[in-house]
2 protein chains.
Amino acid sequence: MHIQTAFRATNSSSQTGIGGSDPLSSTQSAAITLFPADAPIYAQGDEAHDLYMVEFGTVRISRVTSDGRRQITGFLTAGDVFGFEADDEHESCAESVDGAGVRVLRSACRGEPTAALLKMALKGLARTQQQLMLLGCRSANARMAAFLLDLSERQANDHEVHLPMQRNDVADYLGLTFETVSRTLRFLKDAGMIRLKTISDVQFLDRDALEQLCE
Amino acid sequence: MHIQTAFRATNSSSQTGIGGSDPLSSTQSAAITLFPADAPIYAQGDEAHDLYMVEFGTVRISRVTSDGRRQITGFLTAGDVFGFEADDEHESCAESVDGAGVRVLRSACRGEPTAALLKMALKGLARTQQQLMLLGCRSANARMAAFLLDLSERQANDHEVHLPMQRNDVADYLGLTFETVSRTLRFLKDAGMIRLKTISDVQFLDRDALEQLCE
DNA sequence: CGACCTGTTGATTCTGCTCAATCAACGTGG
DNA sequence: CCACGTTGATTGAGCAGAATCAACAGGTCG
């Protein structure tokens, strides 16, 4: 099974600054491919050729264990680059969450690596370590608070957060069950820390309390 | 406070193949520094200049949260390279676990990056993702089993594993308490999967059962 | 020998998982 | 239009497992 609905849009010069200089000036691939919700971008075991950059929407990176469980190892949004592998095979799979636009950076990984390429790899490393700290939080409430604050920072909005993914995805990201995710949001609501504007839009009522909670 | 007992040894050409060619031929720093147990190599907040390679012994990378808890984000052994940062400041701290020999790779990160450098960074990324999957294991027994098997692979020994770090470190690595670590080892012992040759040497009696457990 | 540190074990508490029911939103087809 | 099925989200009850608090054993070092 492969991508069907993926279409190609004209290149809309990404606003997603990486460092200062555009690291892709020599590797531009003008086409952006749209992956509808839940469409696979690459799968576990696929050969790893290229790198990818999210242009809009959200991409999830996940890995499935032999017992069928799924661990989401990252949610990526505009400007994030993914597809790095130590070997020539993808250890994780990448899927669109909500209809994501992805640009393929061909030949970015061919030849001698550039400083920009290294920087992107290090950014991926930093993201992964960040999530590691998140999973280190013992309580479910703390993890959720940390997750919301992390999203808030990425979305550059101190007062509100949009959750493009569903509860199941959040659960597999935080190492919880989706029931617990639901309960946790309810706890934060009852504690007066957040308000659920819609099912996927969270408004912060007491940011300090959230920050204190995830410590 | 800085390293005191650190001494410099003659360079013993490392056997720790990274890829095939020696990536450090142009960046050799002949000196190896010995860090005694628990000695800091660098601290959270230190300026990040160089990269480091473990020559012998074990190094732990950790991060402390504002509430005082510690999350160990990696145990590194001979051949592993660490010190990568996305920014110019160390987000984590590195300490010797058991008396570790560390070589500084000066200027490895200056100028244009090499393919070998990128490869090392990607290896670090892969290690971090591996641990992320480990933390994704729900049960304490599963985490411990996965940890032991992971160590076994790194030590290239199918029958036995040496634990250079103490229970407290294992706990902070696995996101458990040290009491639970103790109990978990006891469980694996009672289940006939392992034998504790010494307090820090674990012998596998039923490797298959361990592998099945951590699924 | 005593002080201290690491590790083990026990008892209790509490958190999150499991199993289950319910509800709201949506789409389909009669 | 409404009956029906589906899917995602919420909520409840009971239980298993890990954290917490506490006691104790073994080793090392002064």
Side-chain angles (χ1 to χ4, degrees), chain A residues 36-38 60 65 67-72 97-98 134-148 162-191 194-202 213-215, chain B residues 36-38 60 65 67-72 97-99 134-147 162-191 194-202 213-215:
Chain A
D38 294 321
R60 67 169 171 258
T65 62
D67 65 334
R69 277 196 334 109
R70 181 183 67 155
Q71 175 67 49
I72 292 181
V97 168
D98 58 347
L134 203 157
L135 282 182
C137 292
R138 74 276 274 33
S139 97
N141 291 333
R143 282 188 214 179
M144 179 58 73
F147 175 61
L148 292 176
H162 178 66
L163 302 176
M165 72 296 288
Q166 53 192 38
R167 301 291 187 265
N168 212 335
D169 285 343
V170 178
D172 287 349
Y173 182 75
L174 299 180
L176 303 171
T177 62
F178 62 89
E179 294 101 323
T180 299
V181 168
S182 201
R183 274 184 255 269
T184 299
L185 286 173
R186 179 163 166 64
F187 171 83
L188 296 179
K189 193 182 71 178
D190 288 351
I194 63 169
R195 195 170 77 84
L196 284 167
K197 282 182 60 177
T198 76
I199 205 169
S200 53
D201 287 285
V202 178
L213 180 61
C214 66
E215 278 179 1
Chain B
D38 295 321
R60 66 170 171 256
T65 63
D67 66 334
R69 276 198 336 109
R70 181 183 65 156
Q71 175 68 48
I72 293 181
V97 168
D98 56 346
L134 202 156
L135 282 182
C137 292
R138 72 279 269 32
S139 98
N141 292 330
R143 284 189 213 177
M144 179 58 75
F147 175 60
H162 178 65
L163 302 177
M165 73 295 290
Q166 55 192 37
R167 301 291 187 265
N168 212 336
D169 285 342
V170 177
D172 287 348
Y173 182 74
L174 299 181
L176 303 171
T177 62
F178 61 88
E179 294 100 324
T180 300
V181 168
S182 200
R183 273 183 256 269
T184 299
L185 286 173
R186 179 163 165 61
F187 170 84
L188 296 179
K189 192 181 73 178
D190 288 351
I194 63 169
R195 196 171 77 86
L196 284 168
K197 281 183 61 177
T198 77
I199 206 171
S200 53
D201 287 284
V202 177
L213 180 61
C214 66
E215 281 181 0

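Being a predicted model, the structure only gives us computed values, none of them experimental. Every chain is numbered from 1 and lettered A, B, ... according to where its sequence line falls, protein lines coming before strand lines.
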**Request:** Scan nucleotides 10-20 of chain C nucleotide by nucleotide, 5' to 3', and note B when protein non-hydrogen atoms come under 4.0 Å of the base, S if they reach only the sugar-phosphate, - if neither.
**Result:** BB----SSBBB

**Prompt:** Which is it for A:Met165 and A:Asp98 under the side-chain contact (heavy atoms from CB on, under 4.5 Å) test, yes or no, and what are the steps along the way?
**Reply:** CA-CA 7 Å; A:Met165 72 296 288; A:Asp98 58 347; over 6 Å; no

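- In this structure, the CD atom of A:Gln166 is 14 Å from the C1' atom of D:dT10, given to the nearest Å.
- Atom SG of B:Cys214 sits about 12.5 Å away from atom CE of B:Met144, to the nearest 0.5 Å.
- With A:Arg69 contributing its side chain and B:Gly136 its backbone, the two residues share a donor-acceptor pair below 3.5 Å.
- Put simply, CG on A:Asp169 is 14 Å from C1' on D:dT7, counting in whole angstrom units.
- Looking at heavy-atom distances under 4.0 Å, A:Ile199 makes contact with sugar-phosphate atoms alone, never a base.
- Rounded to whole Å, the distance from CE on B:Met144 to C1' on D:dG17 is 15 Å.
- Atom C1' of nucleotide C:dT6 and atom CG of B:Asp98 are separated by 16 Å, given to the nearest angstrom.
- Distance CZ (B:Arg167) to C1' (C:dT9): 14 Å, rounded to an integer number of Å.
- Using a 4.5 Å heavy-atom threshold, the side chains of B:Leu213 and B:Leu188 count as touching.
- Rounded to an integer number of Å, the gap from CG of A:Leu196 to P of C:dA25 is 14 Å.
- Atom CG in B:Leu135 sits roughly 15 Å away from atom C1' in D:dA18 (whole-Å rounding).
- Ion pair A:Arg60/A:Asp38 flagged as a salt bridge, since at least one NZ, NE, NH1 or NH2 atom sits closer than 4.0 Å to an Asp/Glu carboxylate oxygen.
- Taking 4.0 Å as the cut-off between side-chain N and carboxylate O, A:Arg70 and A:Asp169 count as a salt-bridged pair.
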